[in-house]
Amino acid sequence: MDRLLRRVRDALRGAARPERPGAPERPPPPSRAALRAAFREALERAAGRWLTARDEEEARRRIEAEFPGERILWWEEDPGERDLREAGVGVDRADLLVAETGTVVRTHATREAARLSLLPPVSVFLAREEDLVPDLPEALRRLAPRHRAGRAHTVLVTGPSRTADIEKELVIPAHGPRELLVLLLEAPEGGRAPGEERRRG
Amino acid sequence: MRIALFVPCHVDLLRPGAARAAARVLRRLGHEVRVPEGQTCCGQPALNAGYFRDFACLARRLLDLLDRDEPDAVVAPSGSCVAALRVTGPRHLGLSHPLLDRLYEFSEFLTRVLGVTDVGARFPGTVTWHDGCHALRGLRIREGPRRLLRAVRGLTLVEMEEPDECCGFGGTFAVKMPEVSAALGERKARAVAASGAAYVSATEPSCLVQIEGVLRRRGSAVRAVHLAEILASGEGGDGG
Amino acid sequence: MGRASPFRRRARRALGNPVLARNVLRATDTSLAHRREVVAERPDWEDLRERAAALRRHTLARLDRYLREFAENARARGVQVHAARDARAAARLVSELARRKGATRILKAKSMATEEIELNAALARRGFRPLETDLGEYIVQLAGERPSHLTAPALHRSAEEIRDLFLREGVIREGTALPRDRRALARRLSLSARETLRSRLLEADLGVTGANFLVAETGTVVLVENEGNIRFTTTTPPVVVAVAGIDKVIPRLADLGILLPLLTRSATGQRAAAGVSLLSGGPGERHVVLLDNGRTRMLADPEDREILACIRCGACLNTCPVYRSVGGHAYGWIYPGPIGALLAPLLRGRGEDWELPFASTLCGACAEICPVKIPLHEHLLRLRARAARAGRRGIGERIGFRAFRFLAGREDRFRLAARLARRMEGPLLRLGLLAAWTAAREAPRMARPAFHEMRGDHGPAAS
């Protein structure tokens, strides 16, 4: 490593050192309703599905109703590899939703947790309204502290797995899930309810 | 304006009509056009083959010669020669010359310097436009020639598929890699034919040589004409 | 005419294969169409490109600092960081690791760096046969080929060819009913790979990946994919090694906000890839091999350094008229197209690689599309000059241009030569000595009179 660094240093001896460019100007944050609409549109364009529920209770009922007879794995079960292989549906929490691209962001603590949204043929992410961010730069801003602090394993998932390696024909699924759903737990009427702050705290 | 006409060697030897036509159009617009004597080659083939010193030598000679009478502008019916002198030369080998600021490709001179779009031409027929790469990406010429063509009486401009894809000439590339060059030319000729136009035009004579060569081999009736030849045609004209 | 050059021979073979010609053109057209659509959605596209170009310039000019930072931060997260001076050293590091771990089952994610170091061949010499998990890579691996595109390795293959390959290799059982329709067939074949590979993705001893980016501030390996195979490759085996060129380093996580959209929109025309993994350390044993293999040599030249800004999106291939006609294998190395025509001579530097800068019309479409604004065609021209200066173009060509300069240096000499050429044109054509031109095109005939011989109102004599 030291020898490599020395070669790099030698190569750059006397080189001009241009400055870092500034960050692009950020547009003003859109309203929550706009974020929701944008996320949903982008998700569906990426062949993902969109569901909503008032609370976690209803969310569970909805998922069970969507996939009757399937083995559904929930994130808090801390599933093992065997469970992961047998499950039909894996339900994970989302940390962030990126409205612009319909992307789900999730940071995992263990190897198995990382496979919950990979092995089962159907992947469901549960998210809250306050998890919505407008774009990738904002998502990265929120992710960065976790990665700066130490080990972290994050995936950014946009729609079900896919391939276009044969004649550019888009085929879903590839090796990952064939279906991807995002279920949003809706904030109470009015969006900016006081409960939101409480939930965060 | 006092204009010096830069007649690149390939125009002189292969497509003299383009130079004649360019001079005619400029004179018709009321400008004084001279053709400085002693012009040979700007050195572009050497430049593109990587022989920068041979290029620089010929380029300086030509620029001095064109600037001898200190014309207001030097105009050439070729985008690639102008781009070689004005864009590539300065960037790659620090070529500099007081004339470079007054050196223009024919269509850009009309539209950007003179601000002319209608030169009073008449050319009955359907024409499709090929964007020569050096004019397009080196000199940023895209809309100007199309505006000029649309203003020609009797002329219908139709776009081919991918008018900005290379015709495959590429200077020595055309003979060093003839099979690939021909494949590109074939694709261009197919696009020209599919456009339904009776004429294909460009501001680059060497593109026209390539496209015409393929079209004729295919037995196509489509004819290749230089932009200047179209703009020079009309009442009392002999171009086209 | 002497023996055709290696590029020309390979190009000729490609041009003689109508299936290949059709596939390459259709695939690149599709990618370009998708790209156009999603680029149009970003009114800030040009601004993004500018920033990305500036960011890459900045990073490369301080690569010493950022590389050290990456290594330190990766180590702090438990990653074992190795440096490899050349391809052989890198391949040895990985195969040594495989041997140490007794890795009989190796998963490989698509990676140009591992292609560059010919890792599969090195592993095979030690008795390992890694499984290429990306569908396109899997296809070329089965076919015993190398990838022909940076992001779509099997784009030169038709569905029918892949069907025959899959039948021959037992990916699909003989006698399976398969659709005739090309698109339905492509679908069926893609899905069959999922079924066939599934069990092998679930059990593995070692995972090998490349890296799209290495983030200095967090020691993160960034991997972009669509199929989910990279997520398997990085979570199934207990040991994972990423092989990455030192040029992959970026300063901060936030920089992905600029580079990722440029990469995915340019490469596949997607708004976002289906999966992006940000791996800052484990779970499990993690290694990173930092590959030099000629990169520090490029870094030392301020102009070559600019080429290291490439993020391997493949857009310059898709838009290059030459690549679109002959495909990737004609270039003779794993980096094809305009960027390959620069990287091959600069990184590998074999004699035949120095021909590649000449395998271009210098049309400039590549520079126009490049998301990090590398003026590729200008570099191609620059390398031509380097090749000419080094005498790589042969003494004949050098003398030829000197003679041309001599002739064109004075009008009388030039006119005489032109008249002679005009006189010779007919006989030469009749003798078929201009075949390089006339094999596929009619020859232009030299004008009589040439412009300078004209008289009258519009000839040179008029004023």
Side-chain angles (χ1 to χ4, degrees), chain B residues 7 9 11-16 19-20 23-24 32-35 37-41 43 45-52 54 57-58 61 88 91-92 133-134 137-138 164-166 168-171 173-187 209-210 212-214 216-217, chain C residues 7-8 11-12 15 21 321-322 325-326 358-365 367-368 377-378 381-389 393 397-398 401-402 404-405 407-411 414 418 421-422 435-437 439-447 449-452 454 458-463:
Chain B
V7 184
C9 54
V11 174
D12 179 44
L13 298 170
L14 296 174
R15 215 167 186 97
R20 257 161 87 97
R24 173 188 287 270
E32 182 193 326
V33 179
R34 290 171 158 275
V35 183
E37 281 188 30
Q39 299 188 43
T40 57
C41 173
L47 174 71
N48 289 345
Y51 295 88
F52 286 4
D54 295 324
C57 174
L58 292 174
R61 174 190 173 276
T88 316
R91 199 168 297 167
H92 280 281
C133 300
H134 293 98
R137 300 191 186 89
D164 54 359
E165 185 168 63
C166 181
F169 178 73
F173 178 85
V175 286
K176 291 263 180 186
M177 313 256 173
E179 297 87 2
V180 187
S181 172
L184 269 53
E186 286 283 339
R187 201 151 67 230
V209 165
Q210 162 88 343
E212 187 172 54
V214 180
R216 274 174 48 210
R217 177 60 57 89
Chain C
F7 175 86
R8 198 176 150 198
R12 227 186 264 166
L15 289 167
V322 175
S325 303
V326 301
F358 295 85
S360 159
T361 63
L362 300 181
C363 78
E368 202 171 60
H377 67 306
E378 290 179 15
L381 181 59
R382 194 172 56 80
L383 293 198
R384 288 183 183 190
R386 195 182 286 181
R389 267 201 313 276
R393 304 297 296 162
E397 190 180 283
R398 184 192 291 238
F401 276 105
R402 187 57 63 87
F404 181 74
R405 171 174 141 189
L407 289 175
R410 246 177 53 193
E411 191 189 13
F414 196 61
R422 189 163 60 188
W437 180 275
R441 298 159 284 203
E442 292 300 316
R445 297 308 296 262
M446 292 178 75
F451 183 77
H452 72 271
M454 290 178 179
H458 300 293
S463 59

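None of these values were measured; they are calculated from a predicted model. Every chain is numbered from 1 and lettered A, B, ... according to where its sequence line falls, protein lines coming before strand lines.
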- Task: Go through the structure and list residues passing ring pair (Phe, Tyr, Trp, His ring centres under 6.0 Å) with C/F358, not counting sequence neighbours.
- Result: none

- Message: List the residues meeting ring pair (Phe, Tyr, Trp, His ring centres under 6.0 Å) with B/F169, not counting sequence neighbours, and say none if there are none.
- Response: none

- Under a 4.0 Å N-O cut-off, is there an ion pair linking B/K176 with C/E397? yes

Can you tell me which portion of [X] sits under 4.5 Å from chain C's heavy atoms? Options are side chain, backbone, both or neither.
X: B/N48; result: both
X: B/R61; result: side chain
X: B/V7; result: side chain
X: B/E212; result: neither

- Closest non-hydrogen atom pair between B/D54 and C/R405, with its separation: OD1-NH1, 2.8 Å

- Might you point out which heavy atoms bring B/P16 and C/A450 nearest each other, and give the distance in Å? CB-C, 4.1 Å

Which of [options] touches chain B most, by non-hydrogen pairs under 4.5 Å:
options: C/A387, C/A11, C/G409; value: C/G409
options: C/R393, C/R402, C/R382; value: C/R402
options: C/R12, C/E378, C/R410; value: C/E378

- Message: Side chains of B/S181 and C/R441: any donor to acceptor distance under 3.5 Å?
- Response: yes

- Task: Tell me, out of B/A183, B/A182, B/A174, who's got the most heavy-atom pairs with chain C below 4.5 Å.
- Result: B/A174

- Message: Run the side-chain contact (heavy atoms from CB on, under 4.5 Å) test on B/L58 and C/F401 for me, step by step, so that the C-alpha distance in whole Å, both residues' side-chain angles and the decisive distance to 0.1 Å come before the verdict.
- Response: CA-CA 11 Å; B/L58 292 174; C/F401 276 105; over 6 Å; no

